[in-house]
Structure formats: structure tokens, C-alpha cells
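First up is the structure itself, then whatever we jot down about it.
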Number of protein chains: 4
Amino acid sequence: MPDKRERILAAAETLIAHGGFHGISMQLVAKHANVATGTIYRYFADKETLLRCVHEERLIEVSAAILQNVNTKEPSYEQFQKLWLNTMHYLQANPDSLCYRVQYEASPLFDREEERQRDERYFKPVFEFFEHGREAGLFRDMPAELLGFLALENLMLLSQKCTKGCIELDEHLYQQLLDASWNAILKR
Amino acid sequence: MPDKRERILAAAETLIAHGGFHGISMQLVAKHANVATGTIYRYFADKETLLRCVHEERLIEVSAAILQNVNTKEPSYEQFQKLWLNTMHYLQANPDSLCYRVQYEASPLFDREEERQRDERYFKPVFEFFEHGREAGLFRDMPAELLGFLALENLMLLSQKCTKGCIELDEHLYQQLLDASWNAILKR
Amino acid sequence: MPDKRERILAAAETLIAHGGFHGISMQLVAKHANVATGTIYRYFADKETLLRCVHEERLIEVSAAILQNVNTKEPSYEQFQKLWLNTMHYLQANPDSLCYRVQYEASPLFDREEERQRDERYFKPVFEFFEHGREAGLFRDMPAELLGFLALENLMLLSQKCTKGCIELDEHLYQQLLDASWNAILKR
Amino acid sequence: MPDKRERILAAAETLIAHGGFHGISMQLVAKHANVATGTIYRYFADKETLLRCVHEERLIEVSAAILQNVNTKEPSYEQFQKLWLNTMHYLQANPDSLCYRVQYEASPLFDREEERQRDERYFKPVFEFFEHGREAGLFRDMPAELLGFLALENLMLLSQKCTKGCIELDEHLYQQLLDASWNAILKR
DNA sequence: TATGAATGAGATTTCATTCAT
DNA sequence: AATGAATGAAATCTCATTCAT
């Protein structure tokens, strides 16, 4: 019954999303996943492992969402727009998703090398897009990660602010922000 | 001996920045602050209060650091540069400080209204700077908070990445990033 | 293993009876019950709940002991004697039991309405005995609870004094006390 | 300033009466007594000593109240009535007083020998009353303490029940109870 | 493989007591 | 004599993990 593993992951995701990195106990996860406490330990070595797996699952999901219909070989405004909007829509639809990530990255679970490998694995095409753009003389002369950061990653914080209700966005602002991101990375 | 209060605050900040919101126990804070566990409770009603106070103290410190020598009445590139560099230098010198903030904002302690009032209290001059720039037709037609966000707040995440060792910055990149921020908010 | 629940209850009762409401810590109860501290919380939500349960368990036990072989429909001296002796024997055999009750009733846990319902539930037959006796013109014209109180409840305090070693009783005094109780409630 | 000692005793009394044996901390007592925490320790060796002193103070007060206008040399119904009514009135006026005593007697502070000496010291005249009555062939052939117990001490529990609201008494019932007590100790 | 009762270390918080001023 | 800040042991309760069934 490998669907138990899925149920456990899903339960953990939901609980963290709603209650923060704090409000998660193995007992609670077990209850929500409708399995016995001990069962979790048949699929995950310990709590840390479980949290790492949730993190990885999310990264896979996020990267898939971001890259949808994007041709990363073609560093154009059109493709950038798709990337940006994909990111923004995903974040709007899954507001807790990166709220989780921020906490994960600041936690002792975070390991630089591991994270680098994960980024490499899942976000390679995204970095390639910026790489190509830079090589084509379109983007600033910066490492691809920095370009990606300037263009997309700050949306995480922004989206968090929206979720928390600090900022409200409309179509006009969307366009402005997209434009601002584009101008930030553009060479001049 | 009000310096005990300071030591407790500092210990809490450091511990959270390094170990995440998880890695903080009152006993550990006490140990790092070199006081007895019970002493914390003379200065802070409970753990939550302590965390909120750490947050507030840092906002005060940050806002003072950011605004140093900046004339917020004059929305010029020169003043912007000062703002940006102040921010960057502060973040480099106090890597824990905003690593803490990111986590605080993602935690259940965060309260929107409270935060709005704090921003109002401590960052008003910063917002005014962007307000003036927008009114002068220099900056994009966006709320001041969004301009501030685009220009400065993403430095928080960036600085976190540096601290974690994911990215390395040099003088050249500094200049590029400053330039990117300026271009992001500039009206065209 | 529901016998663990019993062991916890018994340990709590004994400890309170001997050391007062003070002398009870969850760890101590756990130790005496030969279980781990956390185990108590599988059976009782918190300390208050545990104490309330001890109280209720004992009431059940006491009422059963008191009413043994008593025909409460027949308000005679013979039946009264049985009631009285049952009570006295139970108290002698379980000195902790009501020493606990006295303290419980004097504590902030005590709730009037709850207690009334419990009395109603467990001691109804006892009250009926006195009711019948009063209706038959045998006992004083008082509420059944008061008659019961005069006849039986003061044995609680008396028994406590014996346990503490303040008073020593022998067969002769037993007879005297039984007689005194009977004369106290008798109409003349 | 020996009135500080009084203030501390009074504060302790009040707090225990209202919050039970639980709700009393030295800090709280100090606050209510309007002295510094450390000051308590100039007058009382430790918490236990303080509680013992409160107990003793109360015993003095109670015995004085009970014996008011009673001629203990004259074992008559008239004097008994005074004793009984004094007791009842005191208990009604100071409902917490013996609520405290019950808890004290069940606590580890209680020491049989000490208590015997205190009873000897403060309640000697009461016991003498019953002694005289027994020697005159009026009361049952029992130790004076038992007679006193039958006649007066159960009023403690009764009064507690009134305070808690379990029983309501009126003039008629008062008379009945007094009469019951009298009949309980009377020789026949 | 799955269960969930049991464990006990550890978290937060309180409070009796001390001691420098 | 008096203060009250500081202490740290101990209390309640939680929860990651284990293990007999």
C-alpha cells in the first residue's frame, strides 16, 4: 500500500502549511494521514527525513509549475513573461508553499550542498534560460542564480506579503512588477 | 542591570537566526545570555513576548541603520544609493538580523495589523522617500511599499543566501545589483 | 492494559491522602504507579482531570461499600446499624479514601453542581433511606442530606483523626458512637 | 515596624482563604502585604513556618470566639447552646477559616504531637466543659475529645457544605441541629 | 507490514530562597 | 532592617521514537 507514503507526505504538507513549522507532531501527521504513528517510521527514517522529503516534493511541484509551456532555449521577453506569470500564479494558488520554504531554508535542516544539488536537479532549465540570455548579451553580466533571484525569487517574499494581507495587487500592478523584474535583469 | 535584557534579546536573535524558530529553547537562550532560566521571565512575560520583542528591537535598529545620512526629501539616485548601501552593509554586518525577520514573518506570531503599525512607526521616512520619487515622476506608479519592496526588501533573501554560502558577492556584483534595483523602480 | 489506569488512580489517591493536595506531582504519581510520566497523559487529559477521576472512582467504591446488604426501603435501627458499620469499616479499611475526599471538597476543583449530580447518582439509595425514615415519623424533620450528614458524614473527619493517631477507638466506643448517631437523627 | 509581621500573616490568610492552599506564593504574599519578598524571611524562617503561624493565629481566634461568654465550669444545656451557637456563628462569619484548617490537617505540615499541644493550649476549657459533663453523669462515657468532636467539630464540614452552597440552613434547622448534637452526646 | 501504547527526555514556566546593595 | 533581582530546581505537559503484538 504505497499510497500510505503519499498520504503521510500530504498530511505533513497540509499541517505545516496551516500551522507553521511549529504545529506539526508525528502523532498529528499520523492522525491526518489516517495511519498509526509507528507506520510513519516504516516510510521515513525520522522526522527530519520526513520534512526533507516534503521539501523535495514541493520543489518538484514548483519547478514543474514554473516551467510549464516555457521554452528555456529562447531568452525572450515572451518566455520571461511566461516564467514570471507561472511563478506568480503558482505562488498565488499555493501561498503556503513557499512560506514553508522560507522556514525550511532558515532551519537547521537546511544543508547548502544538498540544496545546491536539488536546485541543479530541478531548476536547471530555469538557470539555463538566464544563462542563454546572458550569453546573448540580453541580460546583465551576472551568475544565472543571481539573475534568477532578481527576477523570480523575490516573488516569494512578495507573495508572502499578499497572503498575510499586507499588500494588495491588481492587474495593473502585476504588469508593473513584471516590467520591473524585466528591467532589473536587462543589460543596458 | 538592563544589560541583561539586552543579552537575552541578543542571545535569542542569534539562536533563532542560526537554528531556526525550532532551535530555540528558553534554557538555551538563558545559557547563551549567561543568566538563569528564570531571569528571562523577569524581563519577558513568556516566550512569545520575547520573540516579539526581539523582532521590534531589530526593526528599530534596522531602520536607524538604513536611514543613516539619507535625505529622504530628495528622491535622487545619490540618496537611493545611500539607502541601498546602508541596507546592504547592515545586512552583511548583521546577517542574523533579517534572517530572523524572514522567519518571524512566516511564523504564526506574525500579525498583520501589528506589523503595519510597526512599519508605519519605524519605516515612515523610507516610504516617504519613494512617495516623493513617485510624485516627482521619477519612480513607477506603485504604492510606496511596493517600490520599497522591489528596491530593498529582496536584499533580505539575498543576504540570507550569502550567509548560507549559496552565493558570493564582489564589488562588481554589488554595483550590478544596485543598478538592477534602481532600474526596477525607475519609470520609463 | 486498563490496569495501568487503575494503578495511576490508586497512586494518586494514596499520595494525596498522605501528603496532601500539595504532595502530588505527576512524576511522583508516575513513579508510584510504575509507569512513565507521559503515560498518565494517555489516560487523563491533565492533572485536574486525574484528580476529578480519582474523586469519582472513590465515590463509586464508597457508595457500593456503604450500601452492601442494606435494605434502604426499611428505615429501621437494624438497617441503620448496617449502614453505619459499613461506612465505618470502609473508612477504617481505606483511611486514604475519604481523607482524599475532604481535601477535594475544600479545593478549588470542587464544583457544587457537579457534586450534586454525583451525589444524586451514587448516593440516591442512602438518601432514600433517610427520606423513608422521616416520612415514617421516625427521623427528625430535616432534609435527607442533613440526616445523612449527621449520621454518617462526620465519620469522615473522625476516621481522619484516627488515621492521624489523634484518637483511638475500641469496641465500646464504636457502640457509643453508633448510638450517638442514631440519637442525633431520631425524632423525639 | 512589627506591624509588617501582621501584614504578612493577614495577607497569607486572605490569599489561602480565597485561592486555597495552592494559590499562595511568597511573591504574592509579599505583594499583598506591601513588603519586599525578602522581608518575609526576616519574620518567618520559611514558607512552612509562615503557614504554621497562620494556622496558630487562626486557632487562637477560633478558640476565643467559641468560648465567648461560656462558663465551662457549668455543663448545662444553656452553656452547651452558647458553645454550639458561638461555633456556628464563627464558622458562618469566617467560612474560609476552617476550609483552611481541613487542608492544613491533611497536609504534611500537620504534626500530631504539635497539634495535640496546640489543642491543649487553646481548647482546654472546651474539653473541660465536656469532662465536667461526663463526670456529672450528663454526657456519654467517652473521652472529652470525642464528645467535643460529636458536638462541635462536625460543624466544620457542615459549614463547608453551606459555604459551597450544597445545603441551606434556616432558623428551624439550626434548632434541629443543635438539638441533634445535644442528643448525640447525652447519656441516657 | 502495521499498530498504537508506552517511554522519558525536554520544553515552558513558576516559585522558594538567597544575597548584594 | 529592608529590598527585589537573580537563581535554578521542580512542576506540568508534549512529542519523537520504540517495540511487543
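Every heavy atom of this structure was used, including side-chain atoms; hydrogens, water molecules and symmetry mates were not. Below, chain A is the first sequence line, B the second, and so on; all start at residue 1.
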Separation of A:Phe44 atom CZ from F:dC15 atom C1', in whole Å? 19 Å
Any side-chain donor paired with an acceptor under 3.5 Å for A:Glu13 and A:His55? no
For atom NE2 of B:His22 and atom C1' of F:dC15, their distance in whole Å: 12 Å
A correct dot-bracket answer for DNA chain E, with pairs being Watson-Crick or G-U at under 3.5 Å, [ ] for crossing pairs and | for inter-strand pairs, is .||||||||||||||||||||
Donor-acceptor check, side chain of B:Lys47 to backbone of B:Ile24, threshold 3.5 angstrom: yes or no? yes
Quick one: A:Asp3 CG to E:dA2 C1', roughly how many Å, whole number? 14 Å
Side-chain heavy-atom pair B:Arg7, B:Asn34 within 4.5 angstrom cut-off: yes
Grab the OH-C1' distance between B:Tyr43 and F:dG4 for me, whole Å please. 11 Å
For B:Ile40 and E:dT12, what is the distance between atoms CD1 and P respectively, to the nearest whole Å? 9 Å
Between C1' on E:dT3 and CD1 on A:Ile8, what's the gap in Å once rounded to a whole number? 13 Å
A:Phe44 and A:Leu51, any side-chain heavy atoms less than 4.5 Å apart: no
Give me the ring orientation class for B:Tyr104 and B:Phe110: parallel if the planes are under 30° apart, tilted from 30 to 60°, perpendicular past 60°. perpendicular
Atom CZ of A:Arg112: over 12 foreign heavy atoms under 6.0 Å: no
Length of the line joining A:Leu51:CG and F:dT17:P, which is rounded to integer Å: 10 Å
Annotated protein contacts, base or backbone, on nucleotides 7-13 of chain F with a non-hydrogen cut-off under 4.0 Å, one of B, S, - each: BB--SBB
SB check C:Arg52 C:Glu56 (cutoff 4.0 Å): no
Validation row: A:Leu157, A:Lys161 side chains within 4.5 angstrom (heavy atoms): no
Rounded to whole Å, please give me the gap between NZ in C:Lys31 and C1' in E:dT7. 16 Å
Do B:Arg121 and B:Arg116 come close enough that some side-chain heavy atom pair is under 4.5 Å? no
